[in-house]
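Positions are given from 1, in the same order as the sequence printed here. Only a predicted model underlies this, so the values are computations on that prediction, with no experimental measurement involved.
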Amino acid sequence: MIWLAFALTGVSVAVLAWSAQSWVGPALQRYRQIYTQETGVKLSELFLFIDPAQLWLAALACAALGGLLAWALSGSWLVGVLAGLAATRVPSRLVENLRRRRLLRFERQLPAALMSLAGGLSAGASLAVALKHIVEQSEAPLSQEFGLMLREQRLGVTFSAALEHLHERVPSEATVLVTAALRVAAQTGGNLAEALERIADTLRSRLLLQGKIRALTAQGRMQAWIVGALPVLLAVVLNRLEPQAMAVLWSTPMGWTVLGVVLLLETTGVLMIRRIVNIDI
């Protein structure tokens with residue numbers, strides 16, 4: 001009878017494992033497809049020619065390392081699983097951070113490029129020649145974006161479509177102003193040099209105002225980091241000092257509920273602080 005019980009238990013475990021695999025496998029495959037597709041688009045916008053499958057492998061490695069580290073520090077498999085799931089977003093967040101920094105660098109380069117473009121047009125050069133000069137004299141990412149726009153035109157893409165592609169790659173208010181001015185000048189004519197000079201002055205003033213706002217709201221952003229990191233640090237320290245008392249928090253349903261509530265409140269607090277200090281102009 002004992003052998004029969006063991007056999008039935010083994011069969012039940014095998015059936016459950018097969019059922020879980022049949023459900024988890026397709027879900028993991030779909031998540032991998034979505035993940036690689038999103039990261040592939042972001043990498044192409046950054047002009048980084050990296051296989052998205054490598055980022056997927058990096059996400060799995062981050063999940064394994066993060067889960068093992070959290071499990072070793074807390075002694076709870078639930079904390080390890082949650083940390084592993086959160087760590088899967090690390091590579092994509094790094095790519096998103098690179099994309100945001102690249103967009104900010106493009107906006108900082110744009111006023112000087114527009115003044116140079118307006119000077120070339122005032123000197124009698126055509127728009128294509130002035131843009132080519134900017135591409136040759138500027139640094140990335142501005143030279144990459146305008147260079148790609150010129151190459152699209154040489155391949156037969158219309159000027160309006162090339163401007164639309166530029167706006168899609170660099171979605172910012174500054175790009176909207178520039179592409180609108182160039183599109184209107186190409187269709188109806190007008191003093192494009194004067195319009196570009198005014199846009200450059202507007203963008204320069206906007207960048208100065210954004211810098212002042214970031215300096216004034218730096219304390220609020222630091223408070224968001226402190227509010228988010230303090231409970232985690234306290235949990236790690238208390239777990240080292242009083243592991244028996246903290247074991248209730250890691251290994252009981254009531255403790256898991258408390259962790260969920262704390263996580264929800266902390267996330268809400270950080271998002272509210274970031275929303276307060278994030279001022280759009």
K.L.:
Once rounded to the nearest 0.5 Å, what's the spacing between atom CG of Leu163 and atom CE of Met149?
P.N.:
5.5 Å
K.L.:
Residues in side chain to side chain contact (heavy atoms under 4.5 Å, CB included) with Val262, at least two apart?
P.N.:
Val258, Glu266
K.L.:
Atom CZ of Arg214 and atom CG of Leu216: how far apart are they, to the nearest 0.5 Å?
P.N.:
11.5 Å
K.L.:
Do Val157 and Leu150 belong to the same hydrophobic cluster, where Ile, Leu, Val, Met, Phe, Trp and Tyr are linked whenever their side-chain heavy atoms lie under 4.5 Å apart, directly or via other members?
P.N.:
no
K.L.:
Report the residues that fulfil salt bridge (Lys or Arg N to Asp or Glu O under 4.0 Å) with Arg108, sequence neighbours left out, ordered by chain and then residue number.
P.N.:
none
K.L.:
What's the spacing between Lys132 NZ and Ser126 OG if we round to 0.5 Å?
P.N.:
10.0 Å
K.L.:
Are the side chain of Glu136 and the backbone N or O of Leu131 linked by a donor-acceptor pair below 3.5 Å?
P.N.:
no
K.L.:
Using side chain to side chain contact (heavy atoms under 4.5 Å, CB included) as the criterion, list what pairs up with Lys212, not counting sequence neighbours.
P.N.:
none
K.L.:
Between Glu107 and Leu207, which heavy-atom pair has the shortest distance, and what is it?
P.N.:
O-CD1, 3.5 Å
K.L.:
By side-chain hydrogen bond (donor to acceptor under 3.5 Å, both in side chains), which residues pair with Ser138, not counting sequence neighbours?
P.N.:
none
K.L.:
Under 4.5 Å between side-chain heavy atoms, hopping through other hydrophobics if needed: is there a path connecting Leu94 to Leu65?
P.N.:
no
K.L.:
Could I get the full list of side chain to side chain contact (heavy atoms under 4.5 Å, CB included) partners for Leu203, not counting sequence neighbours?
P.N.:
Leu110, Pro111, Leu114, Ala174, Leu177, Ile199
K.L.:
Please give me the minimum heavy-atom distance between Gly84 and Ala63, naming the atom from each residue.
P.N.:
O-CB, 3.3 Å
K.L.:
Please assess Arg100 against Leu103 for the test side-chain contact (heavy atoms from CB on, under 4.5 Å), listing each intermediate value before the final yes or no.
P.N.:
CA-CA 5 Å; Arg100 184 166 56 251; Leu103 179 61; 5.7 Å; no
K.L.:
Checking Glu139 now: which residues fulfil side-chain hydrogen bond (donor to acceptor under 3.5 Å, both in side chains) with it, not counting sequence neighbours?
P.N.:
Arg105
K.L.:
Treating Thr175 as the side-chain partner and Val170 as the backbone partner, does any N or O pair qualify as donor plus acceptor under 3.5 Å?
P.N.:
yes
K.L.:
Once rounded to the nearest 0.5 Å, what's the spacing between atom CG of Leu104 and atom CD of Gln109?
P.N.:
10.0 Å
K.L.:
Let me have the donor-acceptor pairs involving side chains of residues 115-124, under 3.5 Å, with sequence neighbours excluded, atom names and distances please.
P.N.:
unit_1: Ser122; atom_1: OG; unit_2: Ala118; atom_2: O; d: 2.9

K.L.:
Which residues satisfy the side chain to side chain contact (heavy atoms under 4.5 Å, CB included) test with Gln137, sequence neighbours excluded?
P.N.:
His133
K.L.:
Kindly determine whether Met254 and Val248 satisfy side-chain contact (heavy atoms from CB on, under 4.5 Å), including the steps that lead there.
P.N.:
CA-CA 8 Å; Met254 182 61 68; Val248 180; over 6 Å; no
K.L.:
Could you pull out all residues at least two apart from Arg101 that satisfy side-chain hydrogen bond (donor to acceptor under 3.5 Å, both in side chains)?
P.N.:
none
K.L.:
What do the steps show when you test Asp201 against Arg198 for salt bridge (charged side-chain N to carboxylate O under 4.0 Å, His left out), and what is the final call?
P.N.:
CA-CA 5 Å; Asp201 292 336; Arg198 292 180 179 178; over 6 Å; no
K.L.:
Atom CG in Leu209, atom CZ in Arg204: separation rounded to 0.5 Å?
P.N.:
15.0 Å
K.L.:
To the nearest 0.5 Å, how far apart are CG in Leu182 and OG in Ser160?
P.N.:
10.5 Å
K.L.:
Could you go through the side-chain contact (heavy atoms from CB on, under 4.5 Å) check for Arg240 and Met246 one step at a time?
P.N.:
CA-CA 9 Å; Arg240 289 297 183 184; Met246 293 294 291; over 6 Å; no
K.L.:
Do you know which two heavy atoms are closest between Thr267 and Leu263, and how far apart they sit?
P.N.:
OG1-O, 2.7 Å
K.L.:
Would a single hydrophobic cluster contain both Trp256 and Leu85, if residues Ile, Leu, Val, Met, Phe, Trp and Tyr are joined by side-chain heavy-atom contacts under 4.5 Å?
P.N.:
yes
K.L.:
Apply the hydrophobic cluster definition, ILVMFWY joined by side-chain contacts under 4.5 Å directly or through others, and give me every member besides Leu234.
P.N.:
Leu230
K.L.:
Using the rule given for side-chain contact (heavy atoms from CB on, under 4.5 Å), can you reason through Phe159 versus Leu127, listing the C-alpha separation, both sets of side-chain angles and the distance that settles it, and then say yes or no?
P.N.:
CA-CA 11 Å; Phe159 185 66; Leu127 180 59; 3.6 Å; yes
K.L.:
Which salt bridge (Lys or Arg N to Asp or Glu O under 4.0 Å) pairs, counting each pair once, include a residue from residues 152-166, with sequence neighbours left out?
P.N.:
Glu152-Arg169, Glu164-Arg183
K.L.:
Among Ile, Leu, Val, Met, Phe, Trp and Tyr joined by side-chain contacts under 4.5 Å, find the other residues sharing a cluster with Ile226 and list them by chain and number.
P.N.:
Met222
